[in-house]
Amino acid sequence: MANIAVLGLWHQASVLSACFADMGHHVRGAGGDARSVDELNAGRPPVREPRLPAMMRRNLRAGRLIYTTNYADALAGAEFAFLAVDTPVDADDRPDLSSVFEEARRAARSMSGDLILCVTAQVAVGTCAVIQGLVESQRPGGVCEVAYVPEFLRLGTAVDTFRRADRFVIGARNSATAERIAALFAPLRRPIVVMGVRSAEMTKHASNAYLAASISFVNEIADLCDEVGADIRDVVRGMRLDRRIGPNAFLTPGLGFAGGTLGREIRALQQLAERRGRRTLLMDAVMAVNRGRARMVRDRLTRAYGSLEGLRVALLGLTYKSGTSTLRRSVALEIAAGLVEEGADVRVFDPDANLAEVRIPAGLSVAEDVYAAAEAADALVLLTDWTGWRRLDFTRIKQRMRRPLILDVPNLLSPEDMRALGFAYAGVGRGARFARDGVDQDENVEIDAMGEAGRDTER
């Protein structure tokens, strides 16, 4: 078993440290925040992540896992160090690598003996070469080989996506380093792909950019489905049976992607192209489509009511995604703030949200439960795909609402059931749109001789 240091204290680092310890390695996590270190040593991860707290506590008790603010202690005798800080982004999704470089400097000053430094943080192509030079300039002696091992963890399922990874990508300058890193992951019996460092950095960019493009694509198709009376769920089911697309294609419509992960990769590619005098027409379009998704809720409510001024809106779901507690880079928060700016009275509820993590936008009311949020509401909007929403008492909700209108962004509910209860209901891409007098459904579309779709002339 290996001695491993994991540098960082947030989601990525907590998952990697616990999973490596659970494989039998001796792991020390390091970071500069004493309070976070205390929480981790108590078995409390920084973000709600199923199965992670129990795994942490098990390995803390076994003595295979410990967290510290002392980098020298964490790196003493370590054969591998994983630089696993979460790379922040600005309001325009551009990555800020200063925390990554600072973590590398701290590690370099504290290293003793030879070490393989595996960068898992999201970084731009060429960053590992910069870190290699930085470490070599900071270290008093010894050999440190910098490799890139991109992580593909998914919030809410991170333990499973580590243990059952689609693949592990290892970017190294030489085969000996790659083989040593591969040996760490070999017991998991997952595919391991070895390549050069810059190819590994680009693989991370390309993988996430492809997923982002898929999301923008399906959102545009979903909008057209609403225009012509098609159901995006049926469309996607038909698409996924094509072997060239596949059953796991990332084709779920909704609010689009948040900037903390996928948007960061798009921006990195755009910046790379700009420096090299190249254009990124597809990436530009992907970002443009995604920016429009945050306006979707506002636009659909405006279509139904004409104005948001004085409208009471209940929003269900605030987190970055269901299954986790983090509000960082949450599209739902952006939507809520936008509705408040338009004059709406917005009440929100999310049973999992860590409300202490970010500053709640001014004018936003946090309800104690769903039914309090729905009190006298003119619209109920589901923003996250938490399956618990399906178990709500919608008869009780309707009785509390002023006007029974539901916008189901994740398409969780049955349109037939909701309409039977007396709701005006619309999902995303399910062939129905809100109109001023209820729900507008385009189920009959004429095709003219040129093959162009026209509106139903009987409407």
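FYI, side chains are in, hydrogens and waters are out, and symmetry mates aren't considered; it's all heavy atoms of this structure. Predicted model only: the values in this text are computed from it and were never measured.
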Asker: Going through the checks in order, is the side chain to side chain donor-acceptor pair (under 3.5 Å) test met by Glu416 and Ser414?
Answerer: CA-CA 5 Å; Glu416 294 77 18; Ser414 163; 3.2 Å; yes
Asker: Side chains of Arg267 and Gln270 only: does a donor on one sit below 3.5 Å from an acceptor on the other?
Answerer: yes
Asker: Tell me which donor-acceptor pairs under 3.5 Å the side chains of residues 11-21 have, and how far apart each pair is, sequence neighbours excluded?
Answerer:
{"residue": "His11", "atom": "NE2", "partner": "Glu49", "partner atom": "OE1", "Å": "2.7"}
{"residue": "Gln12", "atom": "OE1", "partner": "Thr120", "partner atom": "OG1", "Å": "2.3"}
{"residue": "Ser14", "atom": "OG", "partner": "Trp10", "partner atom": "O", "Å": "3.1"}
{"residue": "Ser14", "atom": "OG", "partner": "His11", "partner atom": "O", "Å": "2.9"}
{"residue": "Ser17", "atom": "OG", "partner": "Ala13", "partner atom": "O", "Å": "2.9"}
{"residue": "Ser17", "atom": "OG", "partner": "Ser14", "partner atom": "O", "Å": "3.1"}
{"residue": "Ser17", "atom": "OG", "partner": "Tyr67", "partner atom": "OH", "Å": "2.6"}

Asker: If only side-chain N and O atoms count, and only distance matters, is there a donor-acceptor pair under 3.5 Å linking Asn70 with Thr68?
Answerer: no
Asker: Ignoring hydrogens and geometry, is there a side-chain-to-backbone donor-acceptor pair from Asn219 to Ile215 under 3.5 Å?
Answerer: yes
Asker: Would you find a donor on one side and an acceptor on the other, under 3.5 Å apart, between the side chain of Asp345 and the backbone of Arg312?
Answerer: no
Asker: Quick one: are Asn208 and Gln122 in side-chain contact, heavy atoms under 4.5 Å?
Answerer: yes
Asker: Can Thr127 and Arg198 be counted as having a side-chain donor-acceptor contact under 3.5 angstrom?
Answerer: no
Asker: Ignoring hydrogens, what is the shortest heavy-atom contact between Ala249 and Ile245? Give both atom names and the distance.
Answerer: CB-CG2, 3.7 Å
Asker: Is Met296 close to Leu255 at the side-chain level, that is, under 4.5 Å between some pair of heavy atoms?
Answerer: yes
Asker: Which heavy atom of Val428 sits nearest to which heavy atom of Ile232, and what is that distance?
Answerer: O-CG2, 3.4 Å
Asker: Using a strict threshold of under 4.0 Å (side-chain N to carboxylate O), is an ion pair present between Arg403 and Asp378?
Answerer: yes
Asker: Show, in sequence, the C-alpha distance, side-chain angles and deciding distance for Tyr371 and Arg400, and conclude whether the side chain to side chain donor-acceptor pair (under 3.5 Å) test is met.
Answerer: CA-CA 7 Å; Tyr371 307 101; Arg400 286 179 170 251; over 6 Å; no
Asker: Would you check if Val123 and Val119 make a side-chain contact, meaning some heavy-atom pair closer than 4.5 Å?
Answerer: yes
Asker: Under a 3.5 Å distance rule, please check whether Arg390 uses its side chain to pair with a backbone N or O of Leu412 as donor and acceptor.
Answerer: yes
Asker: Less than 4.0 Å between a side-chain N and a carboxylate O, is that true for Arg51 and Asp22?
Answerer: no
Asker: Do NZ/NE/NH1/NH2 and the carboxylate oxygens of Asp166 and Arg190 come within less than 4.0 Å?
Answerer: no
Asker: Are any non-hydrogen side-chain atoms of Ser207 and Arg167 less than 4.5 angstrom apart?
Answerer: yes
Asker: Find out whether Pro46 and Ser36 are in side-chain contact, i.e. whether some heavy atom of one side chain is under 4.5 Å from a heavy atom of the other.
Answerer: no
Asker: Looking at Arg154 and Asp160, is any side-chain nitrogen of the basic one under 4.0 Å from a carboxylate oxygen of the acidic one?
Answerer: no
Asker: Do NZ/NE/NH1/NH2 and the carboxylate oxygens of Asp33 and Arg35 come within less than 4.0 Å?
Answerer: no
Asker: Provide the closest heavy-atom pair for Ala344 versus Val313 in the form atom of the first, atom of the second, distance.
Answerer: CB-CG2, 4.3 Å
Asker: Side chains of Val85 and Leu7, heavy atoms from C-beta outward: is any pair under 4.5 Å?
Answerer: no
Asker: Measure the acute angle between the ring planes of Phe162 and Phe185, then classify it against the limits of 30° and 60° as parallel, tilted or perpendicular.
Answerer: tilted
Asker: Would you name the heavy atoms of Val346 and Ala336 that are closest together and state the gap between them?
Answerer: CG2-O, 4.2 Å
Asker: Taking the side chain from Arg44 and the backbone from Glu39, do they hold a donor-acceptor pair closer than 3.5 Å?
Answerer: no
Asker: Can you check whether Ile170 reaches Met195 side chain to side chain, under 4.5 Å on heavy atoms?
Answerer: no
Asker: Are Arg430 and Tyr425 in a cation-pi contact, defined as NZ or CZ under 6.0 Å from the six-membered ring centre and within 45° of the axis?
Answerer: no
Asker: State, yes or no, whether a side-chain contact exists between Asp223 and Arg293 at a heavy-atom distance under 4.5 Å.
Answerer: yes
